[in-house]
Amino acid sequence: MSDLFQILEKRKVGLPNDAIEILSGCKSYKVFNSVEQLAIAAVGGENSNSFEVKYELPNHDIVTEAVIHRVKNGISANYTEAYMRRRDPDTMLIGDNLPTDKERFSDKMGYDFDELRQETISWLQAQDLALFFYFAGGDNIGVGGVAIVPANAGFFAMGLAMLQQIIPVEELPEGFLVESAIYVAPTFRHTHFNGKQIVVHKRSEVLHEIFSYNLYPGPSAKKGLYGALLTKGEKEGWITAHCSTVQAVSPYDNITTFMHEGASGGGKSEMLQNIVREENGQVLIGINTINEERRLINFPIFCSFNPVTDDMALCHPSLQKNNGKLTVLDAENAWFIRVDGITNYGDEPLLEKLTIKPKEPLLFLNIEANPDSTALIWDHTEDSPGKRCPNPRVIVPRHIMPNVVNNPVTVDVRSFGVRTPPCSKENPSYGILGLFHILPPALAWLWRLVSPRGHANPSIVDGGGMGSEGVGSYWPFATGKMINHANLLLEQIINTPRIRYTLVPNQYIGVWKVGFKPQLLMREYLTRRGNAKLRSDQFQNARCPLLGFELNYLTIEGAKIPSRFLQVHKQPLVEESGYDAGAAMLYDFFRAELPKYLTPDLHPTGRRIIETCLNGGSVDDYLNIIPMDYQYAFMTTTHED
């Protein structure tokens, strides 16, 4: 579009200096105005159904980054390297001198980022380029921006344009602020970073530039712009939460809104899924991994639900109603859904139907497909013979999701998901969480500080074990100061006393393999209860205080959940000895992660909470710091209540 600069000038839209330099001196560029145009570009044009994204390196080696197919339901992209099929959690470097707790580019690489920035500009000028404008956020809350991508990486641009809202040039509002920019130079992964997924963030007071040196959307198109939202919020005093949000509607017309948080793999997308019945109509709670016993319950009817957010929720002050609860709005235009749990036809009928014959093209990543075939979300690419990729994905525009809620919603329950390993007395682990726990607000904050990445995380490249994803579980994507985000989260909890907090495992409860059933059964139960309080004999202080309150009994639609799923120490293969050993592991983890927050800038209440934990405090100690106000709590203190 030769008249781009004239259009922008007419609309009083300014481009970043680097973008102007790139476009003014590049080989060629084309402006894209829709996802459909980018889908065509992804395969090299309308008359092509297959395309290889390849680049020549300075030593004349040719690297093929991805193989792209046009399929009946969209575009299928498969990376040639298994490492590129998951997000590396250590991708971020900071290329500026603003305050940060993250590693600076100059400290890691030994030279100033400006040197590499100039190399990046020169490389992009030698390419045919694709360009488009976007808005990251929703309802005019967020950051506008521009993306400049090699023209042959159309699939990456398509993913970015789906996740954020692409804005046609002719529809740019007058005075549109370009507060962010993404520049993509994939060859630098090979020439400068030993093959690693590096993304450099360069911030100023008015602009957040993201230099993406890889083609996996996770750390740049998605989490990179999440970082830009977090940077804006840190300046202005609000956060973008790392969560899914769903309105659940009981058979009795109770509506309960859940906000499910947690590290990658913590069950955010799964919170928006249906419970799948067995062939005989029953619901499987879990399978004993030692003796293969299956435990099922009868469930006559499920709650219906309306999805709101999949991964990111704006908690902007303008949305709040000052009613003691938190109001949120989706920060994304499409959802980056992991489908590793869907391995056969019928595992998730709603999503299968939606993706097999969508209303518009979808983008499939790490899904095996042939040109002109239909991409099926259970056909996962193999990392090696017989080993499925653990991170197959599909990007689905939110507006085609059935019953999606487009307005801000007010949250009733904030749950936090943890991937837990199997636990037994012979092989103890932190897999001691029951079906769900009720947390005092102070403990809810602590879990969001440590945000355990947990067992067998499918979304990222890591070494296994229990690592921390950091404050809010969004810390890997934030560019600023950790303590600022810790304080923002704590103030948010203090200011929303009517919120209820729960802790819920996925994968294992003791020796029982449960998948994501705990959070789905929690959703069913709490939605049915509505505002009704729990009886005082229904809960007690958990044996491990970090778990808050544990349930003594639970009945859903007349089906009793066995106590072995509520209190893991009652499992014969775990007992108190296995449970206590797992609790010690949890305490070790918390004691390793929390001291770094004890800085002079920490909120005084936060200091009390952390010191209580480090001193082995009880559940009552946490309640004394931030009470569960009787007027709003969903637990009674006596039977008469």
Side-chain angles (χ1 to χ4, degrees), residues 241-250 256-277 283-287 295 297 299 302-311 313 335 337-342 347-348 350-351 411-421 430-439 444 447-448 451-459 473 499-510 512-529 547-551 554 556-557 559 561 565-566 568 634:
H242 193 205
C243 67
S244 62
T245 312
V246 61
Q247 282 186 339
V249 184
S250 79
T256 302
T257 302
F258 294 84
M259 175 175 167
H260 187 69
E261 300 162 84
S264 298
K268 291 182 288 296
S269 290
E270 288 78 7
M271 197 65 168
L272 308 181
Q273 293 180 3
N274 290 292
I275 296 177
V276 178
R277 296 183 185 274
V283 172
L284 177 69
I285 304 177
I287 301 173
R295 187 68 191 192
I297 57 173
F299 218 128
F302 296 139
C303 296
S304 61
F305 62 90
N306 306 317
V308 184
T309 79
D310 175 70
D311 189 61
W335 295 347
I337 301 174
R338 190 182 65 250
V339 293
D340 63 307
I342 303 171
D347 282 354
E348 178 45 49
L350 181 95
L351 193 58
V411 175
D412 300 301
V413 178
R414 287 179 72 168
S415 55
F416 192 89
V418 182
R419 292 186 74 90
T420 47
Y430 56 91
I432 61 171
L433 280 66
L435 191 80
F436 71 89
H437 293 260
I438 299 158
L439 293 181
W447 276 96
R448 284 159 178 78
S451 293
R453 204 169 271 155
H455 171 71
N457 192 311
S459 298
S473 79
I499 293 277
R500 299 172 275 179
Y501 297 93
T502 63
L503 180 70
V504 60
N506 67 68
Q507 304 316 309
Y508 293 91
I509 295 176
W512 290 79
K513 173 68 174 173
V514 293
F516 292 95
K517 285 290 170 53
Q519 65 192 54
L520 300 181
L521 292 174
M522 176 197 70
R523 185 183 73 190
E524 293 289 326
Y525 179 74
L526 292 181
T527 302
R528 280 168 166 78
R529 289 200 69 89
L547 305 184
F549 297 96
E550 63 187 14
L551 298 174
L554 186 71
I556 311 177
E557 292 287 349
I561 304 297
F565 293 105
L566 307 178
V568 173
F634 63 159

Determine yes or no for a side-chain-to-main-chain donor-acceptor pair under 3.5 angstrom, with [X] supplying the side chain and [Y] the backbone.
X: Thr245; Y: Val308; result: no
X: Ser244; Y: Lys268; result: yes
X: His260; Y: Cys243; result: no
X: Arg419; Y: Gly265; result: yes

Partners of [X] by side-chain hydrogen bond (donor to acceptor under 3.5 Å, both in side chains), sequence neighbours excluded?
X: Ser451; answer: none
X: Asp412; answer: Lys325
X: Thr420; answer: none
X: Asn506; answer: none

Taking all non-hydrogen atoms of both residues, which atom of [X] and which atom of [Y] are closest, and how far apart?
X: Ile297; Y: Ala559; value: CB-CB, 3.9 Å
X: Ser250; Y: Cys303; value: CA-SG, 3.6 Å
X: Leu554; Y: Leu566; value: N-CD1, 3.8 Å
X: Pro518; Y: Ile509; value: CG-CD1, 3.9 Å
X: Phe516; Y: Gly266; value: CE2-C, 4.5 Å
X: Asn274; Y: Leu350; value: ND2-CB, 3.6 Å

- Dump the intermediate steps for side chain to side chain contact (heavy atoms under 4.5 Å, CB included) on Met271 and Ser415, then the final yes or no. CA-CA 10 Å; Met271 197 65 168; Ser415 55; 4.2 Å; yes
Results of salt bridge (Lys or Arg N to Asp or Glu O under 4.0 Å) for [X] - residues two or more places apart only:
X: Glu348; result: none
X: Asp310; result: none
X: Glu261; result: Arg414, Arg448

- Passes side chain to side chain contact (heavy atoms under 4.5 Å, CB included), Thr502 versus Leu526? Steps please. CA-CA 10 Å; Thr502 63; Leu526 292 181; 4.1 Å; yes
Any side-chain heavy-atom pair from [X] and [Y] closer than 4.5 angstrom?
X: Ile499; Y: Val413; result: no
X: Thr256; Y: Arg500; result: yes
X: His242; Y: Asp311; result: yes
X: Gln519; Y: Phe258; result: no
X: Val246; Y: Asn306; result: no
X: Ile275; Y: Leu521; result: yes
X: Leu435; Y: Val504; result: no
X: Phe565; Y: Trp512; result: yes

Quick one: ring pair (Phe, Tyr, Trp, His ring centres under 6.0 Å) partners of [X], sequence neighbours excluded?
X: Phe305; result: none
X: Trp335; result: none
X: Tyr525; result: none
X: Phe299; result: Phe302

- CA sep, side-chain torsions, deciding dist, call: Leu551, Ile438, side chain to side chain contact (heavy atoms under 4.5 Å, CB included): CA-CA 8 Å; Leu551 298 174; Ile438 299 158; 4.2 Å; yes
- Item | Check against side chain to side chain contact (heavy atoms under 4.5 Å, CB included), Val249 and Thr527 | CA-CA 7 Å; Val249 184; Thr527 302; 5.8 Å; no
Could you measure the distance from the [atom1] atom of [X] to the [atom2] atom of [Y]? Nearest 0.5 Å is fine.
X: Arg295; Y: Ile561; atom1: CZ; atom2: CD1; answer: 8.5 Å
X: His437; Y: Ile432; atom1: NE2; atom2: CD1; answer: 7.5 Å
X: Glu270; Y: Leu520; atom1: CD; atom2: CG; answer: 8.5 Å

- Task: Return each pair, listed once, that meets salt bridge (charged side-chain N to carboxylate O under 4.0 Å, His left out) where at least one residue sits in residues 515-524; pairs must be two or more places apart or across chains.
- Result: Glu524-Arg528
